[in-house]
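Worksheet: one structure, shown below.
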Amino acid sequence: MHLLPSRLAANTTLNAIQFGVLLLKSYQFQDLVGPVDYLNTHTHSFLDGIAPPAIVAKAPNITWHYISEYNDFSPITASSGPPQIPTTTFNQTPTLDYLLIPGADIYHTFPVEATKFIQARFPELKGLLTVCVGSLHLSRTGLLDGKRAATNKVALRLTVEQGQFQQFSNVTWVKDERFVRDGKIWSSSGVTAGIDLAAEFARVNFDPDVNQAASEAFEYKANPAQPDAFAYILDGVDLN
């Protein structure tokens, strides 16, 4: 989309939301770009020149921090698309409001430093969001113990079929919802559900007029948590 010339000066009266994104080796590209781009469509800088000034004035500012799980600035290659260059490290990342974790390989394990970073930052976060198998990765940190969560259904079924489910059994996996919120942890199921999770996050946190303007600019009508058209994937799969 080509923006019209800006009609408003940069909105400096709203504090920027500090949003971290954890870059995992070979992460699913859409897991990251879908929710990030959708949420960014709600921002003051994006809507300025598109939406009426009264709506733009209510739009949030978001500062994105891209953090490599390897705690350096080496480019991270995703499942497709160009390499992503981290913008900060664990030690340099400012206080975050939210952290987004996309999915990588089903059995991906965070490096020790990444696990410590997530565990240490969790208390300060207003919310932690996972997309696809990002919730499987997060379960290894202990932060999902006893909580309800969604994840990629094909991946979850494979863990059962391959005899690997036990390592993820500390979580109550929801079979029939595209996204789940339990406390301050938000999780989504398969890849595209990440956009629906972002839409629900926006509905809860942003102004309704801003959400409508962003939805129209993105030309996307979000799916609700239920019904989940892919719930059948886990029919007959024992997750106990």
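Just so it is clear, the values below take in all heavy atoms, side chains as well, and ignore hydrogens, waters and symmetry mates.
The side-chain contact (heavy atoms from CB on, under 4.5 Å) test with Leu138 is passed by exactly one of Val133, Leu128, Val171, Leu129: Leu128. Of the options Tyr38, Phe179, Trp186, a ring pair (Phe, Tyr, Trp, His ring centres under 6.0 Å) to Phe201 is made by Trp186 and by none of the others.
Formation of a donor-acceptor pair under 3.5 Å by the Ser135 side chain with backbone atoms of Ala150 is found in this model. Remark: side-chain polar atoms of Asn71 are paired, donor with acceptor, to backbone N or O of Phe90 under 3.5 angstrom. A donor-acceptor pair is defined here as one N or O able to donate and one able to accept, closer than 3.5 Å; no such pair exists between the side chain of Gln28 and the backbone of Pro102. No donor-acceptor pair under 3.5 Å is formed between the side chain of Asn223 and the backbone N or O of Asp196. Looking at Thr87, its side chain does come within 3.5 Å of a backbone N or O of Tyr66 through a donor-acceptor pair. The backbone N or O of Asn15 sits nowhere less than 3.5 Å from a side-chain atom of Asn61 that would complete a donor-acceptor pair. Not one N or O on the side chain of Arg157 forms a donor-acceptor pair closer than 3.5 Å with the backbone of Thr159.
Considering all non-hydrogen atoms of both residues, Asp31 and Cys132 come closest at OD2-CB, 3.2 Å. Scanning both residues, Thr89 and Ile67, for their nearest heavy atoms gives C-CG2, 4.2 Å.
For CD of Glu219, the number of neighbouring non-hydrogen atoms (other residues, nucleotides, ligands) closer than 6.0 Å is 12 at most. Counting heavy-atom neighbours within 6.0 Å of Glu161 CD, excluding the residue itself, gives a total above 12.
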Might you work through the side chain to side chain contact (heavy atoms under 4.5 Å, CB included) test for Ile55 and Val210, ending with a clear yes or no? CA-CA 6 Å; Ile55 294 178; Val210 171; 4.1 Å; yes
Verdict with supporting geometry, Asn40 and Phe19, side chain to side chain contact (heavy atoms under 4.5 Å, CB included): CA-CA 11 Å; Asn40 203 65; Phe19 222 120; over 6 Å; no
Working note: Glu177 + Arg148, criterion salt bridge (charged side-chain N to carboxylate O under 4.0 Å, His left out); need CA distance, chi angles, decisive distance, verdict. CA-CA 11 Å; Glu177 297 183 32; Arg148 299 173 70 251; 3.2 Å; yes
Test side chain to side chain contact (heavy atoms under 4.5 Å, CB included) on Phe218 and His42 and set out the steps. CA-CA 10 Å; Phe218 214 79; His42 294 70; over 6 Å; no
Criterion side chain to side chain contact (heavy atoms under 4.5 Å, CB included) on Val237 and Leu156, from CA distance to verdict: CA-CA 9 Å; Val237 177; Leu156 194 58; over 6 Å; no
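Under the 4.5 Å side-chain heavy-atom criterion for Ile, Leu, Val, Met, Phe, Trp and Tyr, Leu39 and Val36 are members of the same hydrophobic cluster. Residues Leu32 and Ile62 share a hydrophobic cluster, clusters being chains of Ile/Leu/Val/Met/Phe/Trp/Tyr side chains in contact below 4.5 Å. Ile50 and Phe206 are not part of a single hydrophobic cluster, where members link through side-chain heavy atoms under 4.5 Å apart.
In this structure, Leu22 and Ile118 have side chains that are in contact, with non-hydrogen atoms separated by less than 4.5 Å. A 4.5 Å side-chain heavy-atom check between Arg140 and Phe168 finds at least one atom pair inside the cut-off.
Relative to the six-membered ring of Phe122, Lys184 meets both conditions, a distance below 6.0 Å and an angle of at most 45° to the axis.
Between atom CG of residue Asn240 and atom OG1 of residue Thr172 there is a gap of 9.0 Å, rounded to the nearest 0.5 Å.
Note on Glu113 versus Lys116: no salt bridge recorded, every NZ/NE/NH1/NH2 to OD/OE distance being 4.0 Å or above.
Side-chain contact check for Gln212 and Ser215: no donor-acceptor pair (N or O, by modelled atom type) lies under 3.5 Å. His108 and Glu69 share a donor-acceptor pair across their side chains, judged by distance under 3.5 Å alone.
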